[in-house]
Amino acid sequence: MSDNLDLDKELAVGFLIDKLNQLGNKKLQKRLHKLLKKGPIGRKMEPEVGEFNTFMLANTRYNNSDFNDEESRKSIENSLSTLYQEYVKQSAKLLRSRTKRNRSELESHKILANFLTSIPKCPANPGKLITKENQKMIEYVEKSLLHIIERSWIIFWAFKQKGEDRIKVQGKIFHRKYDVDTSSSALHTFDELLILNFARPFLKALDQLLQDTNNRVNNIEDAFNGSDKIEIINPNLCSEAFGILSGDLVGGIDALRTIIRQIARIAEIQGSAKEEIEILNGFGEDIRKTVNNGKNLLELKSNFEKLIETLQNLQVSIRHLAKQAIEGKIEINLEYFHSAIIELPIQLREMKIWADRFMDIAFLSPESGRGIWTLSKEKDKLSQEFDQDIIIKACELHKTYRPSTSTVYALRGTNLEVRRGEFLAVLGPSGSGKTTLINMMAGLDIPDRGEVFLWGKRISSMSDNDLSDLRRTKIGFVFQSYLLDPRLTVYENVALPAKMARKTERLNERITKLLESLGLADYADQDPTKLSGGQMQRVIIGRSCVNDPLIVFADEPTGDLDSETGRQVLSYFRKLCDEKGIAFVVVTHDQEMSSFADRIVQMKDGLIIGE
Ligand code: ADP
Ligand code: MG
């Protein structure tokens with residue numbers, strides 16, 4: 001399929017694809033293909049159907065004479081609509097199985113119920129209350145999500161004679177002048193329209209979520225600020241219950257961050273899709289309010305940000321309360337306390353379900369136009385000639401994680417190459433896939449699809465032994481989790497990788513020089529854990545470079561440092577890069593980094609979006 005649809009002659013139907021429903025997506029593609037193949041007047045058509053990152057698209061080139069009558073158009077539209085409804089039903093089923101409670105939730109609800117039972121004036125059967133509350137939440141969430149899926153499709157028709165496109169969104173028809181020459185890609189139009197189409201119920205649901213959570217949090221705050229003294233009969237049960245609450249809070253806050261990111265993306269798409277919004281204004285007042293008026297989106301975003309703060313305060317209160325409870329002197333408002341303990345975890349779980357589902361439904365990425373066609377044969381982009389200057393090359397890396405209730409698309413066809421001796425900075429917000437990418441490039445993790453080449457050799461074709469040999473001798477790591485050994489001196493810590501790789505030739509000289517370069521000459525015999533944060537990080541850098549590797553990967557090496565110290569540490573990377581010709585790939589979400597690097601790439605939603 002060409003990148004530009006020639007809408008003058010085409011029917012196109014697009015919908016946001018549900019990443020959760022991979023099998024369903026495949027079937028749907030096949031059936032769409034079959035449906036559109038029939039053609040309106042018995043003429044065989046050659047439709048193209050495929051899946052992009054955000055949406056599925058089917059299109060067919062008709063002759064204008066094929067559609068003289070409204071009837072044949074209607075019949076195609078009806079068939080498409082029926083097909084889509086079936087797909088929605090299937091998704092609903094899947095959704096239900098996903099939102100079902102899992103074992104660990106059942107377990108934690110049991111603990112909370114037992115805890116409630118153990119304190120005075122307990123409501124009758126708290127376990128039942130929790131189950132009921134949970135059921136109510138699930139029903140509501142399922143209904144809203146289904147509503148969103150139902151809305152997630154669009155039909156495009158184009159008529160040459162009128163010089164105009166007819167765009168059908170949710171059964172309503174809009175006309176739009178569409179100039180294939182000036183519009184960069186019709187696929188982007190699809191993408192943006194679909195997302196905006198989906199944005200309305202999405203934002204409405206989020207608004208409701210915000211209100212509900214705020215109301216509940218108010219109740220909870222009242223519950224924790226009372227003067228009723230309760231006696232803790234079972235401190236273990238109590239500490240477990242509070243542990244569950246704080247764990248849920250952590251998860252809830254994380255979910256809120258995801259939700260905020262998605263809102264920001266919609267705002268971004270909205271900014272780049274002015275024309276599309278004009279079409280959507282046909283939807284009426286409500287969509288204009290939610291989508292066209294940027295203030296609303298930003299307001300929603302900032303309200304969610306405030307909610308994070310509130311929940312963080314709540315975390316502190318809960319910690320405080322838990323401590324008091326264990327010591328046996330807890331003061332609360334009993335009347336609200338019971339319902340708070342029942343409502344809080346369920347509310348937080350709802351947030352998680354929303355966050356997960358928005359990752360499943362679409363990436364909401366304005367970049368998604370450059371997605372992949374799953375039905376077309378994938379070109380072998382991998383059989384390129386090996387360029388001696390390229391140390392490591394990542395080709396079309398895909399990685400999907402499936403934690404219990406959702407699908408996370410960490411990498412979505414990422415490409416990156418690192419050249420000899422270059423200082424490459426990988427920037428991007430948290431969660432954009434930076435760590436996943438460098439783990440794959442360093443051979444620490446395996447991609448679902450795509451290849452990593454080390455000096456032109458596929459990592460996947462190497463034996464484990466070869467790979468770990470390479471890793472030990474040619475690749476250095478400065479990862480957050482690679483701590484220094486407190487039982488060894490600074491010198492010994494730096495020497496460790498050399499000993500492990502049996503590269504002990506002129507070791508003393510190498511290390512002395514390295515420590516000098518890193519400004520650590522006076523600290524060789526010290527306990528590394530007594531050093532400052534910046535100094536420790538320099539020891540770790542020394543350790544990563546001791547074998548004179550070709551490349552060093554550093555994952556957020558300045559994450560725990562203040563900005564001044566961070567800059568200092570980066571300047572040492574720069575120095576080693578210049579002195580030793582080691583290539584550095586430094587991952588950070590710190591913009592400041594850029595002044596040290598030879599080249600900067602930006603990551604977003606699992607893709608490199610620019611240099
Ligand atoms: P970054 O380093 O840019 O912050 P990551 O590569 O760590 O991003 O993560 C990208 C996405 O993949 C995130 O949404 C993250 O939650 C998810 N992810 C990473 N590792 C796992 C894992 N082991 N299980 C589930 N999800 C994961
Ligand atoms: Mg990371």
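Counting starts at 1 for both ligands and their atoms, following the listed order.
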Inset, instruction - Determine yes or no for a side-chain-to-main-chain donor-acceptor pair under 3.5 angstrom, with Asn493 supplying the side chain and Ile540 the backbone. - result: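 Absent.
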
Legend entry - Option of least heavy-atom distance to atom 5 (P) of ligand 1 (set: Leu411, Thr400, Thr436, Val426):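 Checking each option, the heavy atom nearest atom 5 (P) of ligand 1 is found in Thr436.
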
Inset, instruction - Would you mind finding which of Asn439, Asp254, Thr435 brings a heavy atom closest to atom 2 (O) of ligand 1? - result: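 When every heavy atom of Asn439, Asp254, Thr435 is considered, Thr435 comes closest to atom 2 (O) of ligand 1.
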
Does any donor atom in the side chain of [X] or [Y] lie under 3.5 Å from an acceptor atom in the other side chain?
{"X": "Glu396", "Y": "Asn415", "value": "yes"}
{"X": "Asn439", "Y": "Thr436", "value": "no"}
{"X": "Glu299", "Y": "Ser302", "value": "no"}

Inset, instruction - Assess Thr435: does it contribute an N, O or S atom lying under 2.8 Å from the Mg ion (ligand 2)? - result: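 Yes.
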
Run the numbers for me: atoms of ligand 1, each under 4.0 Å from some heavy atom of [X], listed by number.
{"X": "Ser430", "answer": "4 (O)"}
{"X": "Ala410", "answer": "10 (C), 11 (C), 12 (O)"}
{"X": "Ser432", "answer": "1 (P), 3 (O), 8 (O)"}
{"X": "Pro429", "answer": "3 (O)"}

Inset, instruction - Kindly compute the distance separating OG (Ser595) from CG (Leu570), expressed to the nearest 0.5 Å. - result: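 Rounded to the nearest 0.5 Å, the OG-CG separation comes to 7.5 Å.
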
Inset, instruction - Indicate yes or no: does an N/O atom of Leu437 lie under 3.5 Å from an N/O atom of ligand 1? - result: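 Between Leu437 and ligand 1, no N or O pair is found under 3.5 Å apart.
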
Inset, instruction - Give yes or no for whether the N/O distance cutoff of 3.5 Å, strictly under, is met between Arg261 and ligand 1. - result: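 Not met; the criterion fails.
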
Inset, instruction - Check Gly519 against Arg538 and note the closest heavy-atom contact, atom names and distance. - result: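 Scanning both residues completely, I find the closest heavy atoms to be O-NH2, 3.4 Å.
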
Inset, instruction - Taking atom NZ of Lys474 as the centre, report whether more than 12 heavy atoms of other residues, nucleotides or ligands fall under 6.0 Å from it. - result: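 Counting neighbours around NZ of Lys474, 12 or fewer heavy atoms of other residues, nucleotides or ligands fall under 6.0 Å, so no.
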
